[in-house]
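Take a look at the structure below.
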2 protein chains.
Amino acid sequence: MARWAPNARMRLVEAAVDLFTEQGYDATTVSQIAERAGGLTRTTFFRHFADKREVLFAGQDVHRQVLADAIAAAPDSATPLEMVASALDALTGWFGDDRREFSTRVRAIMDANSELRERAVFKRVALAQSVTDALHERGVPDPAAGLAADLCVRAFFEAYERWADPAGPASFTDTARQAFDELRTALATLS
Amino acid sequence: MARWAPNARMRLVEAAVDLFTEQGYDATTVSQIAERAGGLTRTTFFRHFADKREVLFAGQDVHRQVLADAIAAAPDSATPLEMVASALDALTGWFGDDRREFSTRVRAIMDANSELRERAVFKRVALAQSVTDALHERGVPDPAAGLAADLCVRAFFEAYERWADPAGPASFTDTARQAFDELRTALATLS
DNA sequence: TGATTGATGTTACCGAGTCACATCACACTA
DNA sequence: TAGTGTGATGTGACTCGGTAACATCAATCA
């Protein structure tokens, strides 16, 4: 028998989401999260997450990688918009239905707290920066790369808002494609 | 003779910028800032600013107002791009040369600290949201309003990066106009 | 003259985040 | 089989950000 139960990190995330849902983010201490995650301590929590907020963003690095890989894999003939469209497909495809309920709960927690929204915005910009960097690698210059990246991330989060809702649409990918098309159409109305 | 020296708020900002420059943001405590600002205390600092970071963003609400007012004042015949272009002119025009050295110092402080960059990103998004709201008021629908607002804010900060540099260009307004034009040109290269 | 106001100070508290050091099951090696 | 890491965890102590209740006192005004 192992000395410690495995998956401490995942247990911390689940404990945190549960407690934040029950009591709110501010009213929950890191000690409470660690205790609920199988009798751990504060120190262990901070060994897994840089700060209290970060527990809600665990695993987002994967999203960056999915986007970057898709752009790297796009055909040479693709335009910047086609590159980010395929990246958008890759990322929304990565989200399964099993993640939907969790996403809904996390979204509700974040909506209720300004510190968390601040971190979420930061992560969103970091995601856009990853896309921008990947486009640079494919030869897309500034500032076009930044604009294309923004369209990609904007479509993603617009679709996420709709999908991470119990009454929302079933297909994340279709929702995102639709949001992306709406953005492309809107571009023509600006001038 | 008054009991307290006036302009405590401004003195706190100046003391903070001085100390952050000398010692770095992390190594400076709120007590040190308050003490340097004429023998004040921690409590007084937190009566003027919601948290330690906020002292570096004091007065940014004015920027939101300047942008919103300019969009509200644009002629009815203006396209969304023309509206945000005039807002961009208004905001860059608001910055005088007297603010340039201060901006340079603040920029250096923020570049060195990730907490501060996070707050800066949040403020930037809040600024874009203000522009979006102002465009809604003028009848620009979603998602076009968000896109136009992004172009505006993107041009502003691109120009700010160049201007808030001792070796940068002299005219903030001209720099921003140029950045905005570059963005418009890049839009045509996306698809 | 006396009450009110408003910016400030005092004190005490909580919790986030850090650090040095201790613990101990497990794995590996001689 | 005994000994020796190793790595995830715990312990205790500390600093500092942030909050709240209460006190102070010059200026102002009734």
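Lettering of chains follows the sequences in order, A, B, ..., and the numbering in each one begins at 1.
- Using a 4.0 Å heavy-atom criterion, one finds that Gly38(A) contacts no nucleic acid atom at all.
- Residues passing the salt bridge (Lys or Arg N to Asp or Glu O under 4.0 Å) test with Asp26(B): none are found, sequence neighbours excluded.
- Scanning residues 13-31 of chain B for heavy-atom distances under 4.0 Å to DNA chain C yields an empty list.
- With sequence neighbours excluded, the residues forming a side-chain contact (heavy atoms from CB on, under 4.5 Å) with Arg177(B) are Asp89(B), Thr173(B), Asp174(B), listed by chain and number.
- Between the CG atom of Asn113(A) and the P atom of dG18(D) there is a distance of 14 Å, rounded to whole Å.
- For Phe180(A), there are no ring pair (Phe, Tyr, Trp, His ring centres under 6.0 Å) partners at least two apart in sequence or on another chain.
- Clustering of Ile, Leu, Val, Met, Phe, Trp and Tyr side chains at separations under 4.5 Å leaves Met10(B) isolated, with no partner residue.
- In terms of the ring pair (Phe, Tyr, Trp, His ring centres under 6.0 Å) criterion, residue partners of His63(A) (sequence neighbours excluded) are, by chain and number, Trp94(A), Phe95(A).
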Protein N or O to nucleotides 10-13 of chain C N or O, pairs below 3.5 Å:
| residue | atom | partner | partner atom | Å |
| --- | --- | --- | --- | --- |
| dT10(C) | O4 | Thr43(B) | OG1 | 3.4 |

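- Looking at residues two or more places apart in sequence or on another chain, you find a side-chain contact (heavy atoms from CB on, under 4.5 Å) between Glu161(B) and Arg107(B).
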Extract all donor-acceptor atom pairs below 3.5 Å that involve side chains of residues 139-146 of chain B and protein atoms in other chains or at least two apart in sequence.
| residue | atom | partner | partner atom | Å |
| --- | --- | --- | --- | --- |
| Asp142(B) | OD1 | His136(B) | NE2 | 3.0 |
| Asp142(B) | OD2 | His136(B) | NE2 | 3.4 |

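- For residues 48-58 of chain B, proximity to DNA chain C is found at His48(B), defined as any non-hydrogen atom under 4.0 angstrom from a strand atom.
- In this structure Glu54(B) satisfies the side-chain contact (heavy atoms from CB on, under 4.5 Å) test together with Phe49(B), Asp51(B), Phe57(B), Arg119(B), Lys123(B), sequence neighbours excluded.
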Distance-only check: which donor-acceptor pairs under 3.5 Å involve side-chain atoms of residues 69-81 of chain A, not counting sequence neighbours?
| residue | atom | partner | partner atom | Å |
| --- | --- | --- | --- | --- |
| Asp69(A) | OD1 | Gln65(A) | NE2 | 3.0 |
| Asp76(A) | OD1 | Arg138(A) | NH2 | 2.8 |
| Thr79(A) | OG1 | Glu82(A) | N | 3.2 |

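- Environment of CD in Glu101(B): sparse, with no more than 12 heavy atoms of neighbouring residues, nucleotides or ligands closer than 6.0 Å.
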